[in-house]
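One structure is given below, encoded as structure tokens.
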Amino acid sequence: MTPEEFRRYGKQVIDWIADYQEKVEAHPVRSQVGPGDVLAALPAHPPEAGEGFAGVLADLDEVIMPGITHWQHPGFYAYFPANASGPSILGELLSAGLGVQGMLWATSPACTELETRVTGWLAELLDLPAELRGNGVIQDSASSACMVAIRAALHRADPAAAREGITGRHTLYVSSQTHSSLEKGARVTGIGAGNVRVVDVDPGTLAMDPAHLDELITADVAAGAVPVLVCATIGTTSTTAIDPVGAIGEVCRRHGVWLHVDAAYAGVAAVCPELRWINDGLAGHADSYATNPHKWLLTNFDCTVLWVADREAVTAALSILPEYLRNRATASGEVVDYSDWQIPLGRRFRALKLWAVIRWYGAEGLREHIRTGVRLADDLAGWIAADPAFEVLPHHPFGLVCFRPRWEGLPDEDADAATLDLMERLNASGDLYLTHTRVGGRVVLRMAIGAPATTGRHVRAAWQKISEAVARA
Ligand SMILES: *Cc1c(COP(=O)(O)O)cnc(C)c1O
């Protein structure tokens with residue numbers, strides 16, 4: 001493709017994306033295709049001769065779009081949001097345009113130094129504790145961030161493990177509400193899912209019980225195990241529950257165990273001073289902390305930021321320097337090589353999109369976005385609470401509201417089935433998209449507000465649809 005051809009098709013692509021943003025609401029939120037439909041519409045074999053780009057754009061509309069679930073649709077309330085704003089898309093395009101592989105400082109100094117600067121900016125915007133600031137790195141996902149934390153913690157607990165493999169029994173501590181990436185991390189690092197201990201939660205708040213954590217660690221140490229890492233969560237995936245980070249941190253400090261804090265979804269809310277209390281307990285306790293601008297902070301997937309208090313623990317655990325990567329800058333010790341801070345070697349220039357986002361919106365714009373989500377969720381929770389046909393769970397000041405129809409008179413099991421059935425009908429309508437979880441064994445619906453296109457009008461219409469569907473049932 002010549003630069004002239006690129007210019008022509010590139011303009012068409014930008015127009016296509018702008019049209020999509022304008023008309024996203026016209027699509028059904030959740031894709032309506034069945035398994036295999038998209039596959040069957042695609043040629044079984046690749047073209048022998050090049051076909052040009054016009055056909056790609058045509059097939060994008062005809063074959064691909066029906067199989068798209070519209071995460072930027074104002075009626076998307078499933079999982080957690082995955083914001084893709086204009087400046088982040090443009091930053092992503094520039095990253096692809098430069099085609100940089102930023103594994104070492106020497107492979108593009110700006111890739112490394114912009115990342116150091118913007119992760120520092122974000123730490124300041126979130127008011128993270130001093131020991132974490134300056135030690136930020138962008139990862140593809142919170143799952144990778146937790147893998148890095150586990151590997152670094154393992155190094156601190158057992159420095160020989162990288163060379164000799166895990167010899168003793170090592171343990172990790174989570175709660176029933178912790179994200180599944182911790183268990184996956186235990187499998188991948190060789191600690192083993194069987195060595196993941198599940199700490200009790202308070203049945204009301206679903207927050208981890210630090211006293212039970214203390215008991216489990218004490219018993220494991222007495223039995224000869226080496227506790228490696230505790231994961232506390234600020235804003236769990238299921239219900240946005242918040243673990244008592246300070247009290248958990250005290251237990252970690254007493255036993256010399258690494259504390260990883262997973263704030264993948266909710267952490268970015270700390271851009272708002274009135275929500276900074278979610279960081280309580282981090283200072284002096286968190287060895288690592290991760291949050292995802294790619295969920296609720298207007299940055300398209302992928303962009304997780306991980307900060308560590310002790311960068312030596314991370315690089316000692318993950319640094320490898322084969323001959324073909326040796327270079328003067330690395331040898332001088334004056335530069336950061338971020339490949340030493342992650343699992344893969346290669347790395348994308350993700351800092352560009354986060355830089356574009358922070359510069360476009362400014363701290364004020366980022367706060368405004370978070371506050372809009374919080375306000376809309378508050379309004380929704382109020383309407384649900386006022387409707388006797390529904391029960392709303394106590395919600396945290398983020399964008400997620402958990403609730404369920406009461407289905408008076410139905411036994412629990414039938415009520416749960418009716419709730420799931422209702423969700424399926426609503427999702428099939430194409431107007432909105434909800435997901436569910438279980439709390440105390442009961443099915444509850446999750447409505448996660450936070451797509452930039454979602455306004456009060458959309459949330460009100462969604463609630464009307466939900467309440468009418470229950471009234472009719
Ligand atoms: C979404 C989420 C994750 C996983 O995030 P990825 O970036 O998709 O790996 C981890 N922890 C929590 C609390 C989450 O909400």
Side-chain angles (χ1 to χ4, degrees), residues 69 71 76-84 88 119 122 126 136-151 172-189 196 198-199 201 205-208 229-245 248 259-270 278-279 282 286 288-307 342-344 347-348 350 353-354 370 373 377 395-402 435-437 439 446-451:
T69 289
W71 287 67
F76 185 95
Y77 307 112
Y79 311 104
F80 280 132
N83 293 176
S88 80
T119 56
L122 188 60
L126 301 180
V137 59
I138 303 180
Q139 307 275 328
D140 58 359
S141 65
S143 308
S144 294
C146 102
M147 207 98 73
V148 169
I150 293 173
R151 201 60 205 73
L172 301 183
Y173 302 82
V174 302
S175 82
S176 57
Q177 307 299 304
T178 304
H179 192 264
S180 55
S181 52
L182 264 288
E183 181 174 334
K184 204 182 226 183
R187 289 197 213 168
V188 172
T189 54
V196 178
V198 181
V199 183
V201 295
T205 62
L206 302 178
M208 185 185 280
L229 174 143
V230 174
C231 179
T233 307
I234 299 172
T236 59
T237 315
S238 175
T239 65
T240 67
I242 299 172
D243 289 332
V245 173
I248 291 168
L259 174 62
H260 177 63
V261 178
D262 176 5
Y265 162 68
V268 298
I278 66 173
N279 292 341
L282 284 179
S288 50
Y289 171 89
T291 190
N292 288 358
H294 73 222
K295 277 181 170 160
W296 196 15
L297 204 66
L298 298 162
T299 308
N300 67 296
F301 190 85
D302 52 359
C303 185
T304 291
V305 185
L306 169 71
W307 288 271
Q342 62 175 24
I343 306 295
R347 58 201 325 272
R348 297 166 11 78
R350 297 188 189 89
K353 62 186 172 188
L354 188 54
I370 297 292
H395 89 289
H396 298 277
F398 310 125
L400 178 71
V401 180
C402 296
T435 49
H436 79 283
T437 186
V439 176
R446 297 169 74 266
M447 185 157 160
I449 297 166

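In each ligand, atom 1 is the first atom listed, and ligand 1 is the first ligand listed. When a residue number appears, it is its place in the shown sequence, counting from 1.
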Heteroatom distance test ([X], ligand 1): nitrogen or oxygen, under 3.5 angstrom:
X	result
Ser143	yes
Ser181	no
Tyr265	no
Thr236	no

Hey, is Asp302 touching ligand 1 through its side chain, its backbone, both or neither, going by heavy atoms under 4.0 Å? neither
Is the count of non-hydrogen atoms from other residues, nucleotides or ligands lying under 6.0 Å from Phe301 atom CZ greater than 12? yes
Find all atoms of ligand 1 within a distance of less than 4.0 Å from any non-hydrogen atom belonging to [X], and give their numbers and elements.
X	result
Ala264	2 (C), 3 (C), 10 (C), 11 (N), 12 (C), 14 (C)
His294	7 (O)
Phe80	15 (O)

Among His294, Arg350, Gln139, which one satisfies side-chain hydrogen bond (donor to acceptor under 3.5 Å, both in side chains) with Asp302? Arg350
Heavy-atom nearest neighbour of atom 13 (C) of ligand 1 within options Thr237, Thr304, Asn292: Thr237
Among Ile370, Val305, Thr291, Leu126, side chain to side chain contact (heavy atoms under 4.5 Å, CB included) partner for Leu297: Ile370
How far is [atom] from the closest protein heavy atom, and which atom is that?
atom	answer
atom 11 (N) of ligand 1	Asp262 OD2, 2.6 Å
atom 5 (O) of ligand 1	Ala142 CB, 3.4 Å
atom 15 (O) of ligand 1	Lys295 NZ, 2.9 Å
atom 10 (C) of ligand 1	His179 CG, 3.2 Å

Report yes or no: does His179 contribute a side-chain atom to a donor-acceptor pair with the main-chain N or O of Ser181 at less than 3.5 Å? yes
Between Arg446 (side chain) and Thr237 (backbone), is there a donor-acceptor pair under 3.5 Å? yes
Just wondering, do Val245 and Leu259 contact through their side chains at under 4.5 Å, heavy atoms? yes
Taking the side chain as every heavy atom from C-beta outward, state whether Lys353 and Ile138 have any atom pair closer than 4.5 Å. no
Please work out which of the three classes, parallel, tilted or perpendicular, describes the rings of Tyr265 and Trp296, given edges at 30° and 60°. parallel
Are Asn292 and Thr304 close enough that a side-chain donor and a side-chain acceptor fall under 3.5 Å? yes
May I ask whether Gly235 has any heavy atom positioned less than 4.0 angstrom from an atom of ligand 1? yes
